Amino acid sequence: MRKRRALLVCAIACALLSACAGHPKLQQVDVASPILSRFQGHPVTMHAAVLLPGGYSASSSQKYPVVYWVPAFGGSYHVSRDKIRTWQRAMQASGQDFIVVFLDAAVPSGHSEFADSANNGPWARALTTELIPDIERRFHALATPQARLLAGHSSGGWSVLWLQVTYPTYFGGAWAIAPDPVDFRDFIGPDLTAKGPSNFYRDSNGREYGFVRLRGRDATTLRRYVTREDSNGPGNQIASFDAVFSPRGADGKPEQLFDHRTGAIHPAVERYWVNHYDIARIVASRWPALAVPLRGKLHIFVGSADTFHLERPVRLLATQLAALHSEAEVRIAPGYDHFTIFNYDGGLISHIVAEMTGSLPPAAKGSNVNPHAK
């Protein structure tokens, strides 16, 4: 979530691009989007990097399930060789090959979250009706809901839960790692569902919300964090949230959730956020229709010491999902933070790939793993 870390990650990814471009099993895909182009009024192209299985052959009739990975805020769809090896080792250990598609979530405002937005445009619709069908046409992909699987980290974690809940019969499961707030009763501090005036910087007793937890203590406050981000210019995390979750203002820009000087939350914008993008609220209000198509499809992992306190909204959602008898998997890993969570259970990607393999119906499985993949 922090802009400096995001920029560093992006710079590293770009530096590694030339090395990754030559990987024999990695292909870049660029798909022109008529849907987004109409919305934006200029040509928009969606990008992705496609990692093919070790034994993949264009001339073979073998088809594969697909994992769609959504990166964190500031992340890139350009992947390092280390990340490629992580996924290859995970597939080798699980005994199942997947096509892994690394999606590009970057937009001028920050991160699209692959949500249909009044400001960024209909990214979810473009993904499900343009990019994914194109991937399935170009490659030997199993074009069935059970074989379309989602995974992502941070903003990408929120994205995959949103996509699974919004398109419950289109995807076969979502594995979210340290997702952005999934229950707006705790949006990195403030309760956006509370009645009456509320403040983004301070609780009802006037105490400032702490933020960026390091070694058990908050390094700053939400107020200071926002002030620092604003001084760095556009494309920061809070502005990215506004672009995804807010209505469009009369000036054509996203309406801000709160006054950045005082922290006072704007009630109309707050209600819009909650009504349209609060995953916990949406799941609860639509549960009679979602119960069957979402059974066993929601998987959430977060550290108990998450750097941005994202374990708190996950706990709230977990309690709700348990009350609904949803069969969702929610794991709060003791002591892990926003980044070390990838080390959970000996390697979270391997854990997730094993679970994905177990979720596949027999017809989608195959013994096609290349034992010599590196």
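Treat the numbers as computed from the prediction; the structure is a model and nothing was measured. In what follows, every heavy atom counts, from backbone to side chain, and hydrogens, waters and symmetry copies are set aside.
Screening residues 106-126 for salt bridge (Lys or Arg N to Asp or Glu O under 4.0 Å), with sequence neighbours left out, gives no hits. For residues 29-47, the set of pairs meeting the side-chain hydrogen bond (donor to acceptor under 3.5 Å, both in side chains) definition, not counting sequence neighbours, comprises Q28-D30, D30-H47, S33-E130. Counting only residues at least two apart or on different chains, the side-chain hydrogen bond (donor to acceptor under 3.5 Å, both in side chains) pairs with a member in residues 245-257 are S246-W273. Legend: salt bridge (Lys or Arg N to Asp or Glu O under 4.0 Å) pairs involving residues 187-216, not counting sequence neighbours, sorted by first then second residue: R202-E208, D203-R207, E208-R223, R213-E311. Under the salt bridge (Lys or Arg N to Asp or Glu O under 4.0 Å) criterion, the residue pairs touching residues 142-168 are E136-R148, with sequence neighbours excluded. Within the structure, the salt bridge (Lys or Arg N to Asp or Glu O under 4.0 Å) test picks out the following pairs touching residues 322-348 (sequence neighbours left out): R295-E327, E329-R331.
A search for side chain to side chain contact (heavy atoms under 4.5 Å, CB included) contacts involving A151 returns V67, W69, W175, M356, not counting sequence neighbours. Contacts of W162 classified as ring-ring contact (aromatic ring centres under 6.0 Å, His included), with partners at least two apart in sequence or in another chain: W158, Y277. Partners of H309 by ring-ring contact (aromatic ring centres under 6.0 Å, His included), not counting sequence neighbours: none found. Partners of Y272 by ring-ring contact (aromatic ring centres under 6.0 Å, His included), not counting sequence neighbours, listed by chain and number: H276. For F171, the ring-ring contact (aromatic ring centres under 6.0 Å, His included) test picks out no residue, with sequence neighbours left out.
Remark: side-chain polar atoms of H153 are not paired, donor with acceptor, to backbone N or O of A176 under 3.5 angstrom. Side-chain atoms of T319 come within 3.5 Å of backbone N or O of R315 as a donor-acceptor pair. When atom types are taken as modelled, the side chain of T340 and the backbone of Y336 share no donor-acceptor pair closer than 3.5 angstrom. No donor-acceptor distance shorter than 3.5 angstrom exists from the side chain of D97 to the backbone of Y64, with no hydrogens or angles considered. For the pair D242 (side chain) and L257 (backbone), a donor-acceptor distance under 3.5 Å is present. Remark: the backbone N or O of G173 is paired with a side-chain donor or acceptor of Q164 at under 3.5 angstrom. Without hydrogens or angle criteria, S231 side chain to R228 main chain gives a donor-acceptor distance under 3.5 Å. The main-chain N or O of G335 is found under 3.5 Å from a side-chain atom of S304 such that the two form a donor-acceptor pair. For the pair N119 (side chain) and A243 (backbone), a donor-acceptor distance under 3.5 Å is present. K297 contributes no side-chain N or O that, together with a main-chain N or O of A174, makes up a donor-acceptor pair within less than 3.5 Å.
Nearest heavy-atom pair, P361 versus Q146, reported as atom, atom and distance to 0.1 Å: CD-CB, 3.7 Å. Closest non-hydrogen pair, L360 versus A147, comes out as CD2-CA, 4.4 Å. Across all their heavy atoms, L149 and F98 have their closest contact at CD1-CE2, 3.8 Å. The two residues V70 and A105 make their nearest non-hydrogen contact at CG1-CB, 4.2 Å. I238 and V226 make their closest contact through CG1-CG2, 4.1 Å (heavy atoms, listed as atom of the first residue, atom of the second, distance). Among all heavy-atom pairs drawn from P247 and V269, the shortest one is CD-CG1, 4.2 Å.
Side-chain N/O atoms of E355 and H351 include a donor and acceptor closer than 3.5 Å. The closest side-chain donor-acceptor pair between N120 and S112, if any, does not fall under 3.5 angstrom.
Side chains of L163 and L127 form a contact here, defined as non-hydrogen atoms less than 4.5 Å apart. Two residues are said to be in side-chain contact when any heavy atoms from C-beta on lie closer than 4.5 Å; P168 and L294 meet this criterion. At a threshold of 4.5 Å between non-hydrogen side-chain atoms, the residues V50 and I135 count as touching. In this structure the side chain of L26 reaches within 4.5 angstrom of the side chain of V79, judged on heavy atoms. Contact check for F258 versus N199: no side-chain heavy atoms found under the 4.5 Å cut-off. Looking at heavy atoms from C-beta onward, L36 lies in side-chain contact with P122 at the 4.5 angstrom threshold. Using a 4.5 Å cut-off on side-chain heavy atoms (C-beta onward), P53 and Q62 make no contact. With contacts defined as side-chain heavy-atom distances shorter than 4.5 Å, the pair I279/D183 does not qualify.
Distance CZ/F241 to CG/N236: 10.0 Å, rounded to 0.5 Å. Taken to the nearest 0.5 Å, the CG atom of D306 stands 8.5 Å off from the CD1 atom of I341. Residue T227 holds its OG1 atom at 11.0 Å from CG of N232, rounded to the nearest 0.5 Å. Atom-to-atom distance recorded for F73:CZ and S154:OG is 9.5 Å, nearest 0.5 angstrom. The NZ atom of K83 sits 8.0 Å away from atom CD1 of I349, with the distance rounded to the nearest 0.5 Å. Considering CD1 of I300 and CD1 of I332, their distance stands at 9.0 Å, rounded to 0.5 Å.
Aromatic ring centres of F200 and H260 lie farther apart than the 6.0 Å criterion allows.
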Practice problem: Determine, stepwise, if the pair H299 / F301 fulfils ring-ring contact (aromatic ring centres under 6.0 Å, His included). | Solution: CA-CA 7 Å; H299 309 263; F301 304 86; 7.2 Å; no
Practice problem: Would you sort out whether I177 and V302 count as a side chain to side chain contact (heavy atoms under 4.5 Å, CB included), showing the intermediate values? | Solution: CA-CA 6 Å; I177 303 170; V302 67; over 6 Å; no
Quiz item: Should F102 and H78 be marked as a ring-ring contact (aromatic ring centres under 6.0 Å, His included) after you check the CA-CA gap, both sets of side-chain angles, and the distance that decides it?
Solution: CA-CA 8 Å; F102 301 94; H78 300 310; over 10 Å; no
Practice problem: Take V29 and F139, measure what side chain to side chain contact (heavy atoms under 4.5 Å, CB included) needs, and give me the verdict at the end. | Solution: CA-CA 11 Å; V29 171; F139 303 99; 3.8 Å; yes
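Classified by interplanar angle (parallel below 30°, tilted 30° to 60°, perpendicular above 60°), the ring pair F308/F211 is tilted.
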N/O donor to acceptor pairs below 3.5 angstrom from side-chain atoms of residues 284-293, sequence neighbours left out:
| unit_1 | atom_1 | unit_2 | atom_2 | d |
| --- | --- | --- | --- | --- |
| S285 | OG | R281 | O | 3.0 |
| S285 | OG | I282 | O | 3.2 |
| W287 | NE1 | L324 | O | 3.4 |

